[in-house]
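Values reported hereafter were calculated over all heavy atoms of this structure, with side chains retained and with hydrogens, waters and symmetry mates removed.
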Protein chains: 2
Amino acid sequence: VAAAGATVADLGERAVIERIRAAAGAAPDWVVIGIGDDAAVVEPPRNALEVVTTDALVEGVHFDRRFSSAADVGHKALAVNLSDLAAMGAAPRAALLSLALPGGFAVADLDALVSGFLALAAAHRVSLIGGNVTSSPGPLVVDVTAMGAVGRRKMLRRGGAKPGDELFVSGSIGRGGAGLGVLRAEAAGAPHTPAFESLVHWYRRPAPRVRLGVLVGRNRAASACVDLSDGLADAARQIAAASGTGIAIDAGALAIDPAAKAWYEQRQLDPVRAALGAGDDYELLFAVPRRMRSRFAAAGRLVQDAPLTRVGVVTAEPAMVVRREGRSEPLPAGFEHFGPAS
Amino acid sequence: VAAAGATVADLGERAVIERIRAAAGAAPDWVVIGIGDDAAVVEPPRNALEVVTTDALVEGVHFDRRFSSAADVGHKALAVNLSDLAAMGAAPRAALLSLALPGGFAVADLDALVSGFLALAAAHRVSLIGGNVTSSPGPLVVDVTAMGAVGRRKMLRRGGAKPGDELFVSGSIGRGGAGLGVLRAEAAGAPHTPAFESLVHWYRRPAPRVRLGVLVGRNRAASACVDLSDGLADAARQIAAASGTGIAIDAGALAIDPAAKAWYEQRQLDPVRAALGAGDDYELLFAVPRRMRSRFAAAGRLVQDAPLTRVGVVTAEPAMVVRREGRSEPLPAGFEHFGPAS
């Protein structure tokens with residue numbers, strides 16, 4: 001137990017690692033060596049390929065500590081990685097947590113960050129098997145590596161979409177980006193609106209579509225998949241670029257979250273363009289051959305919390321367009337955390 | 001090709017990733033999906049366990065850009081991870097590179113960092129299979145995850161040392177810590193001394209003992225192993241703590257690098273205590289049962305660039321001591337990048 005007000009610098013590196021190890025609890029049998037040696041050792045997946053991804057959350061770039069609690073950051077740092085695994089059809093198995101902590105970071109915040117991470121890990125049966133702890137002279141950096149497994153013929157890729165395939169998105173779009181907008185507006189003095197709380201919650205605690213990705217991979221219903229970490233417009237571009245196709249999004253069919261739509265309208269923004277361009281959604285975008293439509297729908301029915309909505313089609317012509325009321329307009333740019341300075 | 005003086009913010013995230021992908025070149029057959037999808041996909045090691053580790057270098061904590069070039073940082077970020085794999089007896093296979101880049105970071109420095117990383121990767125047949133790129137509002141952060149393989153019965157651990165086992169260290173100690181001291185002294189106005197250049201080189205470009213770790217793991221000659229990232233004193237403590245033993249280091253037998261010794265003496269420091277407490281060496285410390293001594297030496301002879309020196313013994317009594325001229329003194333504290341603020 002750390003003293004009230006204690007910081008991670010008071011504890012020191014070893015004690016921080018020991019604290020995380022204790023919180024992580026017992027590991028499953030296939031973890032041969034977990035936290036505490038020079039490296040972790042695991043049994044590799046049997047009769048499956050291994051899928052591995054890394055994604056970092058950097059304070060001041062991906063989160064603002066006024067808007068997200070330490071527990072939110074821990075949750076989201078794992079969520080964004082599980083979302084990447086889901087987009088490959090992979091079932092997650094293990095994660096590594098690499099922390100760069102400002103010297104004044106409170107032990108209570110460390111505990112909260114780790115518990116936010118571990119709660120999501122437990123929900124998806126992901127083992128925290130190792131990581132790294134260092135100090136940071138600047139921002140809090142939470143870098144996660146997640147590992148999973150997928151059958152060779154059950155893997156989802158970005159390339160592989162064919163003209164005529166239909167595009168489906170899970171859940172609804174616009175929530176994450178709108179949630180961040182709400183937080184910023186409220187920090188600038190806008191009144192609190194209870195109707196927007198669901199947006200803020202999704203921004204802070206996105207639920208990666210782990211089961212959906214695995215099920216669609218297993219029944220081999222999709223020709224391509226990508227996650228919406230940088231928004232639907234960006235996701236559509238990724239599939240088109242990797243598949244050598246174009247894409248046409250149907251503005252009237254977009255599953256824009258109702259609260260996000262209300263938020264965008266209150267801000268006098270076009271909900272279609274705003275929702276297409278906003279990041280932080282962590283839904284999945286699938287390309288589905290027409291003959292696979294019922295098989296794809298069967299996977300969707302097994303995952304009741306994430307309805308699947310047809311939002312467009314893959315086209316032979318290599319243009320990226322939004323079709324609205326019989327006219328075509330260019331697809332807006334995606335969201336880039338790391339954009340040109342302009 | 002980027003314009004002279006261009007920064008990574010001018011390029012944007014996608015172009016940075018594309019640049020790294022192009023530099024990484026072709027991947028071996030067992031890499032099913034490399035850089036560019038939501039995650040990497042690899043064939044897991046066959047008939048072996050998988051070993052995975054992550055370690056970050058943070059500007060202002062682990063390196064100073066006045067003292068290390070971008071290429072040095074790229075080299076060292078991979079080296080420290082390969083050293084962790086070597087300490088498990090694991091042969092490295094793949095790595096992920098997660099970069100948090102200050103907006104003003106030059107494209108030329110990005111290229112140098114990546115080429116420093118890739119040159120060491122090529123030397124050890126490590127494939128760069130993925131990673132992440134984001135901006136940083138503060139320091140440059142280079143976070144690497146390295147993956148390797150080891151036979152189940154060939155794995156080296158920290159625990160497992162028994163009283164009576166002898167301790168051996170590879171190469172020599174004190175170089176890394178002394179090299180940093182030399183750089184700091186020269187920055188403060190001390191004259192440049194050519195005799196100390198080897199120390200600075202080792203600090204900037206440590207050579208992880210990959211082959212030695214694998215060979216000692218394979219011939220099962222060691223009861224415990226750990227790397228010297230935080231110095232020999234710390235490494236000895238790790239083995240003792242994990243094995244439930246004590247350790248006695250023989251001051252007269254320490255393989256202190258001659259240039260490091262000269263540097264410490266010039267600074268009027270006790271070379272024994274300074275070398276024991278200094279970090280950044282990346283040698284390996286082994287505990288070896290006496291009956292395995294010749295088998296261990298056989299592994300050492302195959303790795304001619306890293307002589308093995310007997311530096312002490314594992315003791316039943318749980319004390320950590322240095323024996324010098326017939327007397328015992330306490331082992332100095334190890335080096336902690338993330339120490340108490342005091």
Side-chain angles (χ1 to χ4, degrees), chain A residues 8-10 12-14 16 32-33 36-45 48-56 58-62 84-85 87-88 90 96 98 100 103 129-139 141 143 145 147 150 155 157-158 226-227 242 336-341, chain B residues 7-10 12-14 16 32-33 37-45 48-56 58-62 84-85 87-88 90 96 98 100 103 129-139 141 143 145 147 150 155 157-158 226-227 242 336-341:
Chain A
V8 292
D10 297 329
E13 178 185 344
R14 304 280 177 212
V16 168
V32 181
I33 299 183
D37 211 309
D38 285 275
V41 182
V42 298
E43 303 264 7
L49 296 173
E50 179 145 54
V51 186
V52 57
T53 189
T54 185
D55 210 346
V58 178
E59 181 179 1
V61 179
H62 305 94
D84 280 327
L85 293 185
M88 306 301 291
L96 303 170
S98 181
I129 58 170
N132 188 55
V133 174
T134 180
S135 60
S136 168
V141 181
D143 206 330
T145 297
M147 304 167 73
V150 68
M155 182 169 65
R157 305 192 51 161
R158 293 185 178 188
V226 64
D227 85 334
E336 262 207 16
H337 285 295
F338 189 99
Chain B
T7 69
V8 291
D10 297 330
E13 177 184 344
R14 305 279 176 212
V16 168
V32 180
I33 299 183
D37 212 308
D38 286 275
V41 182
V42 297
E43 303 264 9
L49 296 174
E50 179 144 53
V51 186
V52 57
T53 190
T54 186
D55 209 346
V58 178
E59 182 179 0
V61 179
H62 304 94
D84 280 328
L85 294 184
M88 307 301 291
L96 303 170
S98 181
I129 59 170
N132 187 57
V133 175
T134 181
S135 60
S136 168
V141 180
D143 207 331
T145 296
M147 305 166 73
V150 69
M155 183 169 63
R157 304 191 54 159
R158 292 185 178 188
V226 64
D227 86 333
E336 263 207 15
H337 285 295
F338 188 99

With chain A, which of [options] has the greatest number of heavy-atom pairs at distances under 4.5 Å?
options                       : answer
B:T54, B:D227, B:T7           : B:T54
B:R158, B:M155, B:M88, B:R157 : B:R158
B:V226, B:I129, B:V141, B:V41 : B:V41

* Asked: Considering the options A:D55, A:D84, A:T145, which one meets the side-chain contact (heavy atoms from CB on, under 4.5 Å) requirement together with B:N132?
  ->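 Answer to the side-chain contact (heavy atoms from CB on, under 4.5 Å) test with B:N132 among A:D55, A:D84, A:T145: A:D55.
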* B:E50 and B:M147: side chain to side chain contact (heavy atoms under 4.5 Å, CB included), yes or no, with the steps? -> CA-CA 7 Å; B:E50 179 144 53; B:M147 305 166 73; 3.4 Å; yes
* Asked: What are the two closest non-hydrogen atoms of A:G131 and A:L96, and how far apart are they?
  -> N-CD2, 4.1 Å
* Asked: Where does B:A48 contact chain A at under 4.5 Å (heavy atoms): side chain, backbone, both or neither?
  -> backbone
* Which region of B:I33, side chain (C-beta onward) or backbone (N, CA, C, O), has a non-hydrogen atom less than 4.5 Å from a non-hydrogen atom of chain A, or is it both or neither? ->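 Just the side chain, heavy atoms under 4.5 Å.
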* Heavy-atom pairs under 4.5 Å with chain B are the metric here; pick the option from A:V51, A:V42, A:V32, A:V58 that has the most. =>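 Maximum pair count with chain B is reached by A:V42.
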* **Leading residue by heavy atom contact count with chain B [cutoff under 4.5 Å; candidates A:A242, A:G138, A:P45, A:P137]** => A:P137
* Asked: So, B:D38 and A:T53: side-chain donor and acceptor under 3.5 Å apart, yes or no?
  -> no
* To do: Hey, could you give me the CG/OG distance between A:D143 and A:S98, rounded to the nearest 0.5 Å?
  => 5.5 Å
* Asked: Between atom CD of A:E59 and atom OG of B:S136, what is the distance when rounded to the nearest 0.5 Å?
  ->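 So the CD of A:E59 and the OG of B:S136 are separated by 10.5 Å.
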